[in-house]
**Student:** 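Okay, handing you the structure first.
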Amino acid sequence: NEIKHYKPVIDDRQTFAAEHGFKLGPQDSIGPAQMQVKNIEELVNVRDGKTGDYLYPQLQQFKDEPLKAALDPAKAPYFVAAYLLTEVAKIDRYNKIHRAVVVPINADTLAYRYNYDVFIDDHGVKRSLEPSEKLLRKITGTSNFEQCPWPMRGIVEKSNHVRNVKEAMKQVEPYLPK
């Protein structure tokens, strides 16, 4: 899905910056996984709160140049796997705190957490933003929309991103090993 929705002008600029060691913003997304710089850097450095060990020791092989590693199609899946495991843990913690509203842990909710796109608009309606609204929000840094980061009932169903991920999964399904 991220490759299918790759934006050449923006994404190529960010890839070029990462390849050549130029400064990127924490929200910039790079590589085939289109993962945010802040997430890549956090995943390489995150440690277990109890033991102090790296939570994802597999990522230590990329610690010197994590952004360049995230550009490599053979290495990007390591970051995606670590990110999804982190999101599973976040959803699990959320569910333990908010027992009345349980968020299921499944492909839809993980796809949503990867790129949540449902907001509550000025009229209290939950919806995915239109591309022009997303662009305006990115340019101005402000909006009248409240984010809905937790994929509870009524949120995932409105997500364009989840719908796109499901479509992308259908398209690659014939090529997956049986």
**Student:** Same cluster or not: Val37 versus Tyr83, using hydrophobic residues (I, L, V, M, F, W, Y) connected whenever any side-chain heavy atoms lie under 4.5 Å apart?
**Tutor:** yes

**Student:** Under a 4.5 Å side-chain heavy-atom rule over Ile, Leu, Val, Met, Phe, Trp and Tyr, are Val156 and Val165 clustered together?
**Tutor:** no

**Student:** Could you tell me the separation between the OH atom of Tyr54 and the CG atom of Asn45, rounded to the nearest 0.5 Å?
**Tutor:** 6.0 Å

**Student:** Name all residues meeting the side-chain contact (heavy atoms from CB on, under 4.5 Å) criterion together with Val46; count only those two or more places apart in sequence or in a different chain, and write none if there are none.
**Tutor:** Leu55, Tyr56

**Student:** Would you mind listing the cluster partners of Ile120? Hydrophobic ones only (ILVMFWY), side-chain contacts under 4.5 Å, chaining allowed.
**Tutor:** none

**Student:** Apply ring pair (Phe, Tyr, Trp, His ring centres under 6.0 Å) to Tyr94 and list each qualifying residue two or more places apart in sequence or on a separate chain.
**Tutor:** His98, Trp150

**Student:** Which residues satisfy the side-chain contact (heavy atoms from CB on, under 4.5 Å) test with Gln171, sequence neighbours excluded?
**Tutor:** Lys4, Glu167

**Student:** Please enumerate all residues that pass side-chain hydrogen bond (donor to acceptor under 3.5 Å, both in side chains) together with Arg113, with sequence neighbours excluded.
**Tutor:** Glu87

**Student:** Return the OG to CD distance between Ser29 and Gln36, rounded to the nearest 0.5 Å.
**Tutor:** 5.0 Å

**Student:** Establish whether Met169 and Leu110 are linked, either directly or via other cluster members, by ILVMFWY side-chain heavy-atom contacts under 4.5 Å.
**Tutor:** no

**Student:** What pair of heavy atoms forms the shortest contact from Pro151 to Tyr112, and how long is it?
**Tutor:** CB-CD2, 3.5 Å

**Student:** Just how far is it from atom CD1 of Ile30 to atom CG of Leu67, taken to the nearest 0.5 Å?
**Tutor:** 4.5 Å

**Student:** Going only through I, L, V, M, F, W and Y residues with side-chain contacts under 4.5 Å, is there a path from Val162 to Ile3?
**Tutor:** no

**Student:** Just verifying a value: how many Å separate Leu85 CG and Lys90 NZ, rounded to the nearest 0.5 Å?
**Tutor:** 12.5 Å

**Student:** Nearest 0.5 angstrom please: Lys38 NZ to Leu24 CG, how far?
**Tutor:** 14.0 Å

**Student:** Would you say the side-chain atoms of Asp12 pair up with the backbone N or O of Val9, donor to acceptor, closer than 3.5 Å?
**Tutor:** no

**Student:** More than 12 heavy atoms of other residues, nucleotides or ligands under 6.0 Å from OH of Tyr78: yes or no?
**Tutor:** no

**Student:** Between the side chain of Asn39 and the main-chain N/O of Met35, is any donor-acceptor distance below 3.5 Å?
**Tutor:** no

**Student:** Return the set of residues passing side-chain hydrogen bond (donor to acceptor under 3.5 Å, both in side chains) with Asn106 (not counting sequence neighbours), or none when no residue passes.
**Tutor:** Thr109

**Student:** With sequence neighbours left out, write down each residue that passes side-chain contact (heavy atoms from CB on, under 4.5 Å) with Thr15, or none if nothing qualifies.
**Tutor:** Tyr6, Glu19, Leu71

**Student:** Do Tyr116 and Leu84 share a hydrophobic cluster, counting only Ile, Leu, Val, Met, Phe, Trp and Tyr and linking them when any side-chain heavy atoms are less than 4.5 Å apart?
**Tutor:** yes

**Student:** Mind listing the closest non-hydrogen atom pair of Asn95 and Val101 along with its distance?
**Tutor:** OD1-O, 4.0 Å

**Student:** Partners of Arg127 by side-chain contact (heavy atoms from CB on, under 4.5 Å), sequence neighbours excluded?
**Tutor:** Asp121, Leu129, Glu133, Phe145

**Student:** Can you list the residues that meet the side-chain hydrogen bond (donor to acceptor under 3.5 Å, both in side chains) rule with Glu2, with sequence neighbours excluded?
**Tutor:** none

**Student:** For residues 152-178, pull every pair meeting ring pair (Phe, Tyr, Trp, His ring centres under 6.0 Å), keeping only residues two or more places apart or in separate chains.
**Tutor:** none

**Student:** Once rounded to the nearest 0.5 Å, what's the spacing between atom CG of Leu59 and atom CD1 of Ile40?
**Tutor:** 10.5 Å

**Student:** Please identify each residue that fulfils salt bridge (charged side-chain N to carboxylate O under 4.0 Å, His left out) with Lys166, with sequence neighbours left out.
**Tutor:** Asp108

**Student:** Decide side chain to side chain contact (heavy atoms under 4.5 Å, CB included) for Lys75 and Phe62; before the verdict, give the C-alpha distance in whole Å, the side-chain angles of both, and the deciding distance to 0.1 Å.
**Tutor:** CA-CA 9 Å; Lys75 297 173 184 168; Phe62 313 129; 3.5 Å; yes

**Student:** Ignoring hydrogens and geometry, is there a side-chain-to-backbone donor-acceptor pair from Ser128 to Val118 under 3.5 Å?
**Tutor:** no

**Student:** So which heavy atom on Tyr114 is nearest to which on Ala33, and how close?
**Tutor:** OH-O, 2.6 Å

**Student:** Among all residues two or more places apart in sequence or in another chain, which pass the salt bridge (charged side-chain N to carboxylate O under 4.0 Å, His left out) test with Lys68?
**Tutor:** Glu65

**Student:** Could you please spell out the steps behind the side chain to side chain contact (heavy atoms under 4.5 Å, CB included) verdict for Gln60 and Val44?
**Tutor:** CA-CA 6 Å; Gln60 287 309 291; Val44 169; 4.1 Å; yes

**Student:** Can any side-chain N or O of Glu41 pair as donor or acceptor with the backbone N or O of Pro66 at less than 3.5 Å?
**Tutor:** no

